[in-house]
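In what follows, every heavy atom counts, from backbone to side chain, and hydrogens, waters and symmetry copies are set aside.
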Amino acid sequence: MKLAKAYEPKTYEPAIYALWETSGAFAPTGKGEPYSIIMPPPNANGNLHVGHAYMIPIEDILTRYYRMNGRDTIWIPGADHAGFETWVVFERSLEAAEKSRFDFPREELYKMTWDFVEQNRGNMELQLRALGASCDWSNLVFTLDQKVVDRVYQTFQKLWDDKLIYRGKRLVNYCTKHQTSFADIEVEYREEKTPLYYIKYGPFELATTRPETKFGDTAVAVHPSDKRYAKWVGQTVVIPGVNGDFEVQVVADEMVDLNFGTGVVKITPAHSFDDFEVAGRHNLPLKQAIDLDGKMTAVAGRFEGLPVLEARAAVVKAMEEMGLIIKVDKNYKTRIGRCYKCGTVIEPLPMEQWFVRVQPLAQRAKQVIENGQIKFVPAQKGRELVRYFDELRDWNISRQIPWGIPIPAFRRIKKPSDDSSNASDEWIFDTRVDKEEIDIDGVKYRRDEDTFDTWFSSGQWPFITTEYLEKGDLARFYPTSVMETGVDLLRQWVARMIMLGLYATDDVPFRDVFFHGLVLDEHGVKMSKSKGNVINPMDVIDEYGSDALRIGIVMNRSAGQAQAFSTASVVAGRNFCNKLWNIARFIESKISSNRGENSSSESSNGNSVNGDAEMTGSPPEGHGDVMSRGSLERISRDEELKFSPRLPENAKPQTIADHWILRQLDDARKQLDKHIKNYRFAEAIDTIYHVVWDDVADWFIEASKTTSQPEFLDYVLDVTLRLVHPFAPFVSETIWTTVHDDETLLIAQIWPEKLPFDQEKAGEFDQIRDLISNLRLVTAQLPSDKYDLLYQDDPLIAEHADLIQALAKLQSVKSVKRGRGLRLAAAGCQAWLDLSDELIYEHQTRLEVRLAETRQEIATLDKRLASPSYTAKAPAHLVEETRSQLKEKRALEARLMVELGV
RNA sequence: GGGUUUGUAGCUCAGUUGGCUAGAGCGCACGAUUCACAUUCGUGAGGUCGCAGGUUCAAGCCCUGCCAGACCCACCA
């Protein structure tokens, strides 16, 4: 059978994923301390973007790591109905069919959107699988699932009963095209040029960019300390306008900037957020001049019905004719809010909406963060939230799109005879939202047509998905262990989860929060469709493999920081997988040749025994072999599979290299534990990358070639695969399932515990390594040739002569009575490189440089130790360290001097 | 304007409570190589850690100021 030289991810990944999924390995075990992560639900009918390709690996590393550590682990996937995103796409498809939302009742629109989503659904879930997400699919939650709706209604009712919900006329950011209001964070502000009109305004002059809102003016404001206008404050003045005279009050308010324009501001409470606040402070009436279609209302008189911009032009013209315009600054620039989807200018408009009285919730959330009950990574994000909670204003939870959870509220239909003045009595809570009208004791009510802000439901996500309040099977996973999400969702999502979690469950929704930063393009520029610099993670997987993408994207990245995507890192990730693959190929070949001597029929598929073929067999066979495993009952998660390092009697570490590699792997294990605990994923990748490449491959495997012991090699591979698995699950599992014929899966194995090694022997290998490095350094400078190493009374060299000869590529290693040639500067050895005088002479300059460097270092250390304040104040162990360093350097200096023959 | 954050090798970035002789990947230079891997191996060059002060025995890390960039919030009618 042809030997596949390289690891081909595409050949194995889908089969490996299917194997995991069908084995039941993703499900919690019900044993051990719970560990839970809830996946921020990707858009159900969208595609994953490169941000997901960062988020999913992080969550998967955590999940796999804690699963291997014997925790009762669940990672709950989700799918988001993506209210607004989806609605925009769907509405565009309606427009394409020359239809509009106004042609259908709400139920039908909802159903149509549902079907639309259904058609486009599934991609996202396949892509999560391609990324290797080991999430529990059986517990996937869609944001419009009945259980979500039920719980959201109960929370709404609780808020309602606690008088934390109210109906208020508030200015909303309104897009007249989408016919919906937006949260502040959904409005995009851009600096734009717009004329600033200086106008005569009764006894005043003032500047405005929006003359058409004049019909909604109910006051003018001046600064309280402005002497120029003090006499007017409190009076009502008559303003001649294009529709005749009208009256406004003069009020004094701090919001006015003394130095801008004339220091006088016209107040239009219905169409400006600031003015609305001023109106609140001074009890000013609201006059609406613009309606929901962006056209002038009846208060505009003869301008009624004109769209805003036309009205502005017409009003300006009329004012010019009346001589009310003093001057126009055409180069004036201001920030204008626009709809982030369609670019329409956002109008501040007064609307009746549902609001959550948010401060009581916010203050509680703030307290929890200040008490340290939720750990933030990076920590400053917690402090940012504390400030945010203090400033947070009441939360508008109404949205005017049909694609969402209907608000369960009905308003009494007034009869002509009614004279109801108490507004709060008109609304009732009722969940029969499928009915347009309901009848209670002969009184008819009409439902609110609005839906909830998606953040209102996703803010309850942790306790909804775990069915905590319903005391469901997953309730033990609440609060969740960690919430992993993007920094951009700190306020809109994380803040709301904390507030609503505390409110509904009296507990924090999660213990830790980890924020990942934005993934930028290769040049550090934000990705966007319009710029055409979007990287599709599926293309990357296609070219380099899933593990490569995962390593490449997690490598060189720190929490909360926006950082560039690097193809070079993905390439490094792919090379790493290939390296691991080849380590396994090498070890497998040693094991199988060993087996070949002892037994005759070990192959599980009945083919002739050939390790290489088994390991790298062409895809159909490999695939079949892989697929034959993994039914649920075949996976044993029981005690006997526990990793207690299962070291066979004949696989004990023997050589110093054996002890050394166990020490290196054990160090790596400890490092990985620390890094994962601290959410330092880039460092963890770095650790695993180097222990596998530098230590296992470059030193241990190379050393093992002189004294091969297959059982021990097998053991090293076993440990290595376990350590690698959370980071590169596909390649590690592919190797595991191929080299083991015991039906186990790596995903269900236990993380290594302390490894058995002899510290002293490991140290001896360090010495040999040092000598080999030294030899390589010297010979690299010499003409390419093979040289002889001579040693004198050196048992360590004598014992490991073969190893040194092989790794340093020497011609021979010989014991001599008296050394000659170039004395080597490696610590604690009596060795010479047998060189001619000419070659020693050529090498001398290098040695001189090295000697000078060493002397410089000695001087530095000397100086440090000479300072009495250092020896007195620095910690004793550091002073001791400095002393031993100095001693070493002095010894090196002496050896170098011997080499140089000085 | 308020706040956060970044500035470390040619590029992308690490550097956890100050102990560093400042690291990694990629790139670059030189050399090697039939038999696990050219997606390889060995060796090396390359940094006054944005600038200027300060604290300390010791500063890439702490403090102050400045320069340059990014982001968030608020916003002038």
Table of protein N/O atoms under 3.5 Å from nucleotides 5-11 of chain B N/O atoms:
| unit_1 | atom_1 | unit_2 | atom_2 | d |
| --- | --- | --- | --- | --- |
| B/U5 | O2' | A/Gln561 | NE2 | 3.1 |

When rounded to the nearest 0.5 angstrom, what distance separates CD in A/Glu880 from CZ in A/Arg883?
->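 Output value for this atom pair is 6.0 Å.
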If you only use heavy atoms from C-beta on, which nucleotide in [options] is closest to the side chain of [X]?
X        : options             : result
A/Thr208 : B/U40, B/U39, B/A77 : B/A77
A/Ala780 : B/U43, B/U4, B/C37  : B/U43
A/Leu777 : B/A14, B/U43, B/C76 : B/U43
A/Ala697 : B/A36, B/C13, B/C37 : B/A36

Nucleotide [N], atom [atom2] - distance to [atom1] of [X] in whole Å:
X        : N     : atom1 : atom2 : result
A/Lys381 : B/C73 : NZ    : P     : 11 Å
A/His223 : B/C76 : NE2   : P     : 15 Å
A/Asp698 : B/C37 : CG    : P     : 14 Å
A/Arg491 : B/C71 : CZ    : P     : 15 Å
A/Glu391 : B/C73 : CD    : C1'   : 7 Å
A/Ile587 : B/C37 : CD1   : P     : 14 Å
A/Arg574 : B/U40 : CZ    : C1'   : 12 Å
A/Asp488 : B/A70 : CG    : P     : 19 Å

Duplex segments of RNA chain B, taken as runs of at least three Watson-Crick or G-U pairs that stay under 3.5 Å |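 Runs of three or more consecutive pairs: B:1-7 with B:67-73, B:10-13 with B:23-26, B:28-32 with B:40-44, B:50-54 with B:62-66.
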Quantified in whole Å, what is the [atom1] atom distance between nucleotide [N] and nucleotide [M]?
N     : M     : atom1 : answer
B/G44 : B/U8  : P     : 26 Å
B/G65 : B/C26 : P     : 41 Å
B/C28 : B/A9  : C1'   : 12 Å
B/G50 : B/C11 : P     : 14 Å
B/U12 : B/A74 : P     : 32 Å
B/A22 : B/U48 : P     : 12 Å
B/G7  : B/G47 : C1'   : 14 Å
B/G23 : B/C49 : P     : 14 Å

Tell me, please, which residues at least two apart from [X] pass salt bridge (Lys or Arg N to Asp or Glu O under 4.0 Å).
X        : result
A/Glu205 : none
A/Arg383 : none
A/Asp329 : none
A/Lys287 : none

Is it possible for you to check whether A/Lys214 lies under 6.0 Å from the centre of the six-membered ring of A/Tyr201, through NZ or CZ, and within 45° of that ring's axis?
->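 The answer is no; the distance or angle limit is not met.
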Would you list the protein and nucleotides 16-20 of chain B atom pairs, both N or O, that sit under 3.5 Å from each other?
| unit_1 | atom_1 | unit_2 | atom_2 | d |
| --- | --- | --- | --- | --- |
| B/U16 | O4' | A/Arg680 | NH2 | 3.4 |
| B/U16 | O2 | A/Arg680 | NE | 2.7 |

Identify each atom pair where a protein N or O and an N or O of nucleotides 24-28 of chain B are less than 3.5 Å apart, giving names and distance.
| unit_1 | atom_1 | unit_2 | atom_2 | d |
| --- | --- | --- | --- | --- |
| B/A24 | O3' | A/His690 | NE2 | 3.2 |
| B/A24 | O2' | A/Asp686 | OD1 | 3.4 |

Heavy atoms only: give me the nearest A/Ile685-A/Ile551 pair and the separation to one decimal.
->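 Here A/Ile685 and A/Ile551 meet closest at CG2-CG2, 3.9 Å.
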If you look at every heavy atom in A/Ser272 and A/Leu171, which pair is closest and at what distance?
->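 Taking A/Ser272 first and A/Leu171 second, the nearest heavy atoms are O-CD1, 3.2 Å.
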hbond_proxy A/Lys705 side chain to B/A36 base (donor-acceptor, 3.5 Å cutoff) =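 Such a pair is found, so the answer is yes.
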Can a donor-acceptor pair under 3.5 Å be found between the side-chain atoms of A/Gln563 and the base atoms of B/A14?
->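 Looking at the base of B/A14, it does not pair with any donor or acceptor on the side chain of A/Gln563 (distance under 3.5 Å).
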Which residues pass the ring pair (Phe, Tyr, Trp, His ring centres under 6.0 Å) test with A/Phe730, sequence neighbours left out?
->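 Checked A/Phe730 against ring pair (Phe, Tyr, Trp, His ring centres under 6.0 Å); matches are A/Trp20.
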Test ring pair (Phe, Tyr, Trp, His ring centres under 6.0 Å) applied to A/Phe700 - qualifying residues, sequence neighbours left out =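 A/Phe700 satisfies ring pair (Phe, Tyr, Trp, His ring centres under 6.0 Å) with A/Phe712 only.
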Tell me, please, which residues at least two apart from A/Glu13 pass side-chain hydrogen bond (donor to acceptor under 3.5 Å, both in side chains).
->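 Once residues adjacent in sequence are excluded, A/Glu13 has no partner under the side-chain hydrogen bond (donor to acceptor under 3.5 Å, both in side chains) criterion.
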For A/Leu490, answer base if it contacts any base atom (sugar-phosphate contacts may also be present), sugar-phosphate if it contacts only those atoms, and nothing otherwise; contact means non-hydrogen atoms under 4.0 Å.
->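 Nothing, no nucleic acid heavy atom in range.
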Any side chain to side chain donor-acceptor pair (under 3.5 Å) involving residues 862-871 of chain A? Give me the pairs, sequence neighbours left out, ordered by first then second residue.
->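 Sorted pair list: A/Asp862-A/Arg890, A/Ser867-A/Ser869, A/Tyr870-A/Thr882.
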